[in-house]
K.L.:
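Sharing a structure here in C-alpha cells format.
Just the heavy atoms: all of them, side chains too, but no hydrogens, waters or symmetry mates, feed the values below. No experiment lies behind these values; they were computed from the predicted model shown.
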Amino acid sequence: MGSTILNDIVRDYESISVTWFSALFPIAQAVFWTLVLIELVWSAIWWVVDREDGLGVVTALVRKVLSIGFFYALLINNNWIRAVIHGFSLAGSTAAGLADLSPSGVFDQGLALATKVITAPNELGLLDKIFPSIVAAFCAVIVIVAYAIIAAQLLVALVESYIVIGGGILLLGFSGSRWTKFFSERYLSYVASVGVKLFVLYLIMGVGMSIAARWVPLLSEGGFSPTPLLYVTGGSLVFLFLTWHIPSVA
C-alpha cells in the first residue's frame with residue numbers, strides 16, 4: 001500500500017500559497033503605487049528642470065504608463081505566473097507520458113524495488129543466506145535512500161513553485177519604479193527557472209521510472225545472484241545523479 005505523506009506535504013503548500021497571496025497582495029499593491037507616485041514625481045521634476053517640450057513629455061509619459069500597466073497587470077493577474085509554471089510542468093509530464101507522477105509515487109517505486117532486493121535470498125537455506133541477506137539489506141538501504149532523495153527533489157521543486165506563486169507576489173510590487181524594478185525582473189526570471197526545473201525533472205523521471213520498472217523482472221528470477229542486486233543499486237544511484245545534476249544545470 002502506497003503512502004500519500006509526501007503528496008500531502010505538496011498539497012498543504014499548494015493550499016497555503018493561496019493564503020500567502022491574499023495576505024501579501026494588499027502590501028504589494030501599496031508598495032507598487034507608492035513607488036509609481038515617487039517615480040512620476042521624480043520624472044516630472046526633471047521634465048521641468050530640463051525644460052522638455054510637450055511632445056517629449058507625452059512620449060516619456062506614454063512609455064511609463066505602458067511599463068507600469070504591464071507590471072500592474074502581472075500583479076493583479078496571479079494566474080499568469082501560475083500558468084507559466086503549470087505550462088512547463090504539463091509539457092514535461094505530457095512528453096514523459098506520466099501525468100500522475102508524484103513524490104509519493106516515486107518513493108513507492110523505490111520501496112517496491114527495495115522489497116524485491118531484500119527478499120531475493122529467501123529461497124536459500126538458513127545458513128546459506130546469511131551473507132547474501134547482508135548484501136541484499138545493504139543494497140536495499142541504498143535503493144531506498146536514493147529514491148527518497150529523488151522524491152525529495154520533485155517535492156522541493158513543487159513546493160518551490162507554490163512559494164513562487166503565493167509569496168513571490170510581494171516582489172512584483174517593486175516594479176513601480178525604475179530603481180527597484182530589477183527585483184521584479186529577477187523574480188520573473190526565477191519563475192521561468194522553476195518552470196524549467198520542473199519540466200526537466202518530469203522528463204528525467206519519466207524515463208527513469210520506465211527503466212526502473214524493467215528492473216523488477218531481474219529481481220524476480222529464480223535463484224540468488226548478487227549481480228542483479230548490484231545492477232539495481234547502481235542504476236538507482238545513476239538515476240539519483242541525473243535528477244540531482246541536470247535540473248540544476250538547466
K.L.:
Of all the heavy-atom pairs spanning Leu154 and Ser102, show the shortest one and how long it is.
P.N.:
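So the two residues come closest at CD2-C, 3.7 Å.
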K.L.:
Got Leu111 and Tyr147 here, is their nearest side-chain heavy-atom distance under 4.5 Å?
P.N.:
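No, every pair of side-chain atoms sits at 4.5 Å or beyond.
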K.L.:
If you round to the nearest 0.5 Å, how far is NE2 of His245 from CD1 of Ile204?
P.N.:
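Between atom CD1 of Ile204 and atom NE2 of His245 there are 9.5 Å.
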K.L.:
Would Val200 and Trp244 show up in the same hydrophobic cluster when neighbours are defined by side-chain heavy atoms closer than 4.5 Å?
P.N.:
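Linked, Val200 and Trp244 end up in one cluster.
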K.L.:
Given Ile16 and Tyr162, is the side chain to side chain contact (heavy atoms under 4.5 Å, CB included) satisfied, shown in steps?
P.N.:
CA-CA 9 Å; Ile16 201 66; Tyr162 295 125; over 6 Å; no
K.L.:
Running the 4.5 Å side-chain criterion over Ile, Leu, Val, Met, Phe, Trp and Tyr, what cluster does Ile142 land in, apart from itself?
P.N.:
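Other cluster members: Phe138, Leu237.
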K.L.:
Counting C-beta onward and ignoring hydrogens, is there a side-chain heavy-atom pair between Val41 and Leu37 closer than 4.5 Å?
P.N.:
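They are in side-chain contact.
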K.L.:
Are Val156 and Val196 connected in a single hydrophobic cluster, I mean Ile/Leu/Val/Met/Phe/Trp/Tyr linked by side-chain heavy atoms less than 4.5 Å apart?
P.N.:
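No: no chain of side-chain contacts under 4.5 Å links Val196 to Val156.
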K.L.:
Tell me the closest heavy-atom pair linking Gly195 and Phe88, and the distance in Å.
P.N.:
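The pair with the smallest heavy-atom distance is O-CB, 3.1 Å.
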K.L.:
Which atom pair, heavy atoms only, marks the closest approach of Phe107 to Ile144?
P.N.:
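Closest approach of Phe107 to Ile144, heavy atoms only: CE1-O, 4.0 Å.
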K.L.:
Would the distance check show the side chain of Thr243 and the main-chain N or O of Phe239 forming a donor-acceptor pair, the cut-off being under 3.5 Å?
P.N.:
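Here the side-chain-to-backbone pair exists.
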K.L.:
Are Leu158 and Tyr13 packed together at the side-chain level, in the sense that at least one heavy-atom pair is separated by less than 4.5 angstrom?
P.N.:
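A side-chain contact is absent here, since even the closest heavy-atom pair is not under 4.5 Å.
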K.L.:
Compare all side-chain heavy atoms of Phe71 with those of Leu75 and state whether any distance is below 4.5 angstrom.
P.N.:
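No; the side chains remain at least 4.5 Å from each other.
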K.L.:
Looking at Gly166, is its backbone amide N or carbonyl O close enough to the side chain of Ser17 to form a donor-acceptor pair, meaning the two atoms are under 3.5 Å apart?
P.N.:
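No; zero donor-acceptor contacts below 3.5 Å.
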K.L.:
Determine whether Arg11 and Thr4 make a side-chain contact, defined as any pair of heavy atoms from C-beta on separated by less than 4.5 Å.
P.N.:
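With C-beta onward as the side chain, the pair touches.
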K.L.:
Grouping I, L, V, M, F, W and Y whenever their side-chain heavy atoms are under 4.5 Å apart, do Val143 and Val238 come out in a common cluster?
P.N.:
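In one cluster: yes.
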K.L.:
Are side-chain heavy atoms of Ser177 and Thr180 found at a separation under 4.5 Å?
P.N.:
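Yes; the side chains approach each other to less than 4.5 Å.
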K.L.:
What's the spacing between Phe70 CZ and Ser184 OG if we round to 0.5 Å?
P.N.:
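Separation between the atoms: 10.5 Å.
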K.L.:
Would you indicate whether the side-chain heavy atoms of Val10 and Pro103 approach each other to under 4.5 Å?
P.N.:
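The answer is yes; the side chains approach within 4.5 Å.
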K.L.:
Closest approach of Ser210 and Gly206, non-hydrogen atoms and distance?
P.N.:
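The pair with the smallest heavy-atom distance is OG-O, 3.0 Å.
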K.L.:
Ring-plane angle category for Phe183 and Phe174, please: parallel below 30°, perpendicular beyond 60°, tilted otherwise.
P.N.:
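Answer is tilted, since the angle falls between 30° and 60°.
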K.L.:
Less than 4.5 Å apart, side chain to side chain, heavy atoms only: is that true for Trp20 and Ile163?
P.N.:
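A side-chain contact under 4.5 Å exists here.
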K.L.:
From Leu198 CG over to Ser193 OG, what is the distance, rounded to the nearest 0.5 angstrom?
P.N.:
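Output value for this atom pair is 10.0 Å.
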K.L.:
Atom OG of Ser15 and atom CG of Asp8: how far apart are they, to the nearest 0.5 Å?
P.N.:
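Spacing of OG (Ser15) from CG (Asp8) equals 10.0 Å.
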K.L.:
Using atom types as modelled and distance alone, determine if a side-chain donor or acceptor of Ser22 lies under 3.5 Å from a backbone N or O of Val18.
P.N.:
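Yes, because the side chain of Ser22 sits within donor-acceptor range (under 3.5 Å) of the backbone of Val18.
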K.L.:
So which atom in Tyr187 and which in Ile81 form the shortest heavy-atom distance, rounded to 0.1 Å?
P.N.:
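Closest approach of Tyr187 to Ile81: OH-CG2, 3.6 Å.
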K.L.:
Can you pull the side-chain hydrogen bond (donor to acceptor under 3.5 Å, both in side chains) pairs that have at least one residue in residues 62-89, sequence neighbours excluded?
P.N.:
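Only Gln29-Tyr72, Glu39-Lys64, Ser43-Lys64 qualify under side-chain hydrogen bond (donor to acceptor under 3.5 Å, both in side chains).
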K.L.:
Does atom CH2 of Trp42 have more than 12 heavy-atom neighbours, drawn from other residues, nucleotides or ligands, at distances under 6.0 Å?
P.N.:
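12 or below, so no.
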K.L.:
Look up atom CZ in Phe25 and atom CG in Leu172, then write down how far apart they are to the nearest 0.5 Å.
P.N.:
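The distance works out to 10.0 Å.
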K.L.:
Provide the closest heavy-atom pair for Ser161 versus Ile85 in the form atom of the first, atom of the second, distance.
P.N.:
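The answer is CB-CG2, 3.7 Å.
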K.L.:
How long is the gap from CG on Leu155 to CD1 on Ile149, to the nearest 0.5 Å?
P.N.:
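Rounded to the nearest 0.5 Å, the CG-CD1 separation comes out at 13.5 Å.
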K.L.:
For the side chain of Ser104 and the backbone of Asn7, is there at least one donor-acceptor N/O pair under 3.5 Å apart?
P.N.:
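Looks like yes, one N/O pair under 3.5 Å.
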K.L.:
For residues 186-211, which residue pairs pass the salt bridge (Lys or Arg N to Asp or Glu O under 4.0 Å) check, not counting sequence neighbours?
P.N.:
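Of all non-adjacent pairs touching residues 186-211, those that pass salt bridge (Lys or Arg N to Asp or Glu O under 4.0 Å) are Glu160-Lys197.
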K.L.:
Hey, what else clusters with Leu230 if you join Ile, Leu, Val, Met, Phe, Trp, Tyr whenever side-chain heavy atoms sit under 4.5 Å?
P.N.:
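Noted: Leu230 shares its cluster with no other residue.
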K.L.:
With sequence neighbours excluded, what pairs up with Gln153 under the side-chain hydrogen bond (donor to acceptor under 3.5 Å, both in side chains) test?
P.N.:
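By the side-chain hydrogen bond (donor to acceptor under 3.5 Å, both in side chains) rule, Gln153 matches no residue at all.
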K.L.:
Taking Phe241 as the starting point, is it possible to reach Met205 by hopping between hydrophobic residues whose side chains are less than 4.5 Å apart?
P.N.:
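No: no chain of side-chain contacts under 4.5 Å links Met205 to Phe241.
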K.L.:
When you measure from the side chain of Ser93 to the backbone of Leu90, do you find a donor-acceptor pair of N or O atoms at a distance under 3.5 Å?
P.N.:
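Side chain of Ser93 to backbone of Leu90, a donor-acceptor pair under 3.5 Å: yes, one is there.
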K.L.:
Is it the case that one hydrophobic cluster holds both Leu201 and Ile211, taking links as side-chain heavy atoms less than 4.5 Å apart, direct or via other members?
P.N.:
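Same cluster: Leu201 reaches Ile211 through Ile, Leu, Val, Met, Phe, Trp or Tyr contacts under 4.5 Å.
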K.L.:
Run the salt bridge (charged side-chain N to carboxylate O under 4.0 Å, His left out) test against Lys181 and tell me which residues pass, sequence neighbours left out.
P.N.:
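Lys181 satisfies salt bridge (charged side-chain N to carboxylate O under 4.0 Å, His left out) with no residue once adjacent residues are dropped.
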